[in-house]
Every structure is written in structure tokens, then in C-alpha cells.
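Here is the structure we will look at, set down as C-alpha cells.
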Amino acid sequence: MISTLRDSLFSKRPDSTLYHYTSLPGLMGIIESRHLRASELRYMNDSTELVYALNLLDTAITARSRSGSSATKFLSSFSQWLHSQINQGPMLFSASFRANGNLLSQWRGYSNHGKGVSLGFNHEAIQSLAVAQNFYLGQCLYDSEQQHDLAYEIVDCLISMYQEGEDVDAIFQSIEADLMTICALLKHPSFAEEQEWRLISPTFTSTADSPIAFREGKAMLVPYYLFDLELDGMINLDHVFVGPTPNAALSVNALMHYLTNKNARPEKGISDSEIPYRPR
């Protein structure tokens, strides 16, 4: 059912370095804590992502209702439940990687004043760490036709689960975790250049007995999960890019000394992005 769709979506495995863009303070926080902060999905930089997935499902719900489905009332309840989950429901945490570690669009977001890096993690190590921590690792889906087909499959699965008089809330709760996990990979086609892969956590209903903490955001507290990056006592970095900066050679040299000192020297070294630095 929904879990089968989830497993199919997450069946693809990365086959090359996974890059995580960050600032210099972010870099130091990651390396020294040996953890990556996975933000709660509702609080990530692009707050419209869940809304985008919701709209895809709403389109499928409307189409099935207009086709004369006998489950029209049930589908209306499903739509109302989806809208209520945008701002509540269990917590789901995500951390982002890119297949391309040297994208101008990403440097513009992470390298203010020439202070950006992209950490290239070994993809096999990240996959192993994900499994060990009950995370999923999946490639974001950008193709609009595939997204719409998936939304229809989800709605059809829900219809097949429903029987007249059944507790609809129980149905919704039974598919909630799988559905949220799927929605976390649905991104607007305009972001396709990013080639994003995402770590997706299990869902949490409480902060008790889990490595969940909070940081100051732009307008509110942001919950995050501490994803452990150590595998056999090491952070497995393949490669690192230094973003556009006015002192590229010095930046690369300092970063190599720093990572070597922290026992996180990248196997394939550090590269200057070679994109011209233009201060903003």
C-alpha cells in the first residue's frame, strides 16, 4: 500500500559523492560535533515544500471525487486532515545533500562574504549511517508527471483501504508516517538543478528519549535532530569545495589544515570552486 510506494521511491541509491553546502560556522559545528543538524521539515528554508506536496494530493483528490468515486465523503475528510497536518502532527527531520558540489545557485545562498563550503561525504558511508539511525536516504523527485502519477496512486491506495463505517482517523494515522516521508521528496520542478538527496528521519511525536534540540531561527525556534556522522570513529569525507572567495588559495590551505587537525581530511582533497567572487 502506501509503504510500498514509499519503498519504491527510496529504492534508488546514490553512486557518487554527496555534497552538503554550509557556511564556515556551519562547517565548524559539523566537524567538531561530528553531527549534522537535520531540521524539522516544516521549518526548512523553503517552507512551501509541504504545501507543494499537499497541492499535488488535492489535485488527485478532486479528480477522483469528480469521477464519481463512491468514497467522495472519505476523500473530503482526507483533504481536511491533510490541511490540518501542515502545521501540526508528528515531527519529521531532514538534511539535504547535492549531487553537484559546485553550483552557483547554492553558493549564492551559503557563501555570503566568501564564507561558504560544500562538504563532500562518501555516499556509501551516508547510506550506512542512515540505516543505522533508521533514516531513509532518497533522491528528490522533480518530474511533474511522475509527481502527479504518484499523488493519484496514493489517493487510490487510500480509497482501497476505506470501507463504509470504518474509523477514518485510524486510517489516516496508519499512513501518516509513510505519507510524510514520501512528501519530503516532492520538490517543485524549478529546483531540479539542485539534484538534491535527502536524509529523512522516522517521525517523532515527542522530544523525549531522542536527540532533538532547538536553535534560534529568523522568527522562531527551530527543532532539529542530531544525525551522527561518525562511522568507525571517522567522518568519511571524499572531497570539499571552497566557495567563491577573494582569497581562494589561502582559504583552501587553511581548511586543509583545519580538517587534518580534526581527523576529517578529505580523501580527494579540497578544491577552489573557480567561480569568480562577486561581493554583495
Side-chain angles (χ1 to χ4, degrees), residues 3 6-7 9-10 13-14 17-47 49-50 85-98 110 117-140 173 176-185 196-238 240 258-259 262-264 266:
S3 61
R6 177 208 63 202
D7 290 343
L9 191 60
F10 283 87
R13 295 288 183 262
T17 303
L18 295 174
Y19 288 91
H20 179 76
Y21 288 78
T22 189
S23 62
L24 289 183
L27 155 79
M28 297 177 73
I30 291 167
I31 298 301
E32 296 184 23
S33 72
R34 323 298 273 187
H35 287 83
L36 191 64
R37 289 183 178 182
S39 294
E40 213 281 333
L41 195 65
R42 298 171 180 85
Y43 297 80
M44 293 183 73
N45 290 339
D46 186 357
S47 60
E49 288 184 3
L50 276 180
Q85 297 308 98
I86 288 294
N87 293 315
Q88 58 185 30
M91 294 177 287
L92 188 75
F93 297 87
S94 175
S96 298
F97 300 91
R98 307 289 187 268
Y110 290 96
V117 296
S118 64
L119 297 170
F121 293 92
N122 179 275
H123 65 281
E124 293 178 341
I126 292 296
Q127 183 68 58
S128 295
L129 288 164
V131 171
Q133 295 172 72
N134 296 317
F135 271 61
Y136 292 96
L137 178 63
Q139 187 176 36
C140 289
Q173 289 173 14
E176 184 171 43
D178 292 333
L179 183 60
M180 287 184 66
T181 302
I182 290 171
C183 288
L185 290 191
E196 184 175 354
W197 288 78
R198 280 189 167 173
L199 281 170
I200 309 295
S201 76
T203 54
F204 295 93
T205 57
S206 169
T207 58
D209 302 320
S210 55
I212 296 171
F214 296 84
R215 63 176 176 82
E216 180 184 359
K218 292 182 179 179
M220 65 193 79
L221 292 176
V222 176
Y224 65 88
Y225 182 103
L226 289 169
F227 182 84
D228 188 355
L229 288 171
E230 280 198 317
L231 187 64
D232 298 326
M234 295 282 294
I235 294 181
N236 290 272
L237 289 174
D238 281 343
V240 176
Y258 172 77
L259 293 175
K262 299 299 180 181
N263 196 28

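Leu36 contributes atom CG, which lies 7.5 Å from atom CZ of Phe227 (distance to the nearest 0.5 angstrom). Rounding to the nearest 0.5 angstrom, the gap separating the OG atom in Ser33 from the CD1 atom in Ile235 is 7.5 Å. The CZ atom of Arg37 sits 6.5 Å away from the CZ atom of Arg215 when rounded to the nearest 0.5 Å. Between the CG atom in Asn134 and the CD1 atom in Ile200 there is a gap of 14.0 Å [rounded to 0.5 Å].
Contact annotation: the side chain of Val240 never approaches that of Leu27 to less than 4.5 Å [non-hydrogen atoms, C-beta and beyond]. Inter-residue side-chain proximity for Leu229 and His35 is flagged as unmet; no heavy-atom pair is nearer than 4.5 Å. A 4.5 Å side-chain heavy-atom check between Pro223 and Phe214 finds at least one atom pair inside the cut-off. At a threshold of 4.5 Å between non-hydrogen side-chain atoms, the residues Arg198 and Leu41 count as touching. In this structure, the side chains of Met91 and Ser201 stay at 4.5 Å or more apart for every pair of heavy atoms. Between Trp197 and Ile126 there is no side-chain heavy-atom pair separated by less than 4.5 Å. The shortest distance between side-chain heavy atoms of Leu199 and Phe97 falls below 4.5 Å.
Of all heavy-atom pairs spanning Leu237 and Ile31, the tightest one is CD1-CD1, 4.4 Å. Across all their heavy atoms, Gln139 and Leu185 have their closest contact at O-CD1, 3.7 Å. Gly26 and Thr22 make their closest contact through CA-OG1, 3.3 Å (heavy atoms, listed as atom of the first residue, atom of the second, distance). The shortest heavy-atom contact between Leu92 and Glu40 is N-OE2, 2.9 Å. Contact between Met180 and Pro90 at its shortest, heavy atoms only, is CE-O, 3.5 Å. Across every non-hydrogen atom of Thr17 and His123, the tightest pair is N-ND1, 4.2 Å.
Scored by the ring-ring contact (aromatic ring centres under 6.0 Å, His included) test, Phe10 finds Tyr136 as partners (sequence neighbours excluded). Glu32 is linked by a side-chain contact (heavy atoms from CB on, under 4.5 Å) to Met28, Tyr258, Lys262, counting only residues two or more places apart in sequence or in another chain. Residues satisfying the side-chain contact (heavy atoms from CB on, under 4.5 Å) criterion with Ser128, sequence neighbours excluded, are Leu231.
A donor-acceptor pair under 3.5 Å is absent between the side-chain atoms of Arg6 and the main chain of Thr181, judged by distance alone. No side-chain donor-acceptor contact under 3.5 Å links His20 to the backbone of Gly120. Counting only distance, with no hydrogens or angles, the side chain of Ser23 and the backbone of Tyr110 share no donor-acceptor pair below 3.5 Å. Listed for the Gln133 side chain is no donor-acceptor partner under 3.5 Å among the backbone atoms of Phe135.
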From CA spacing to verdict: side-chain contact (heavy atoms from CB on, under 4.5 Å), Asn122, Glu124: CA-CA 6 Å; Asn122 179 275; Glu124 293 178 341; 3.3 Å; yes
Verdict with reasoning, Glu176 to Thr203, per side-chain contact (heavy atoms from CB on, under 4.5 Å): CA-CA 9 Å; Glu176 184 171 43; Thr203 54; over 6 Å; no
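Between Phe93 and Tyr225, the ring planes are tilted. Angles from 30° to 60° get that label.
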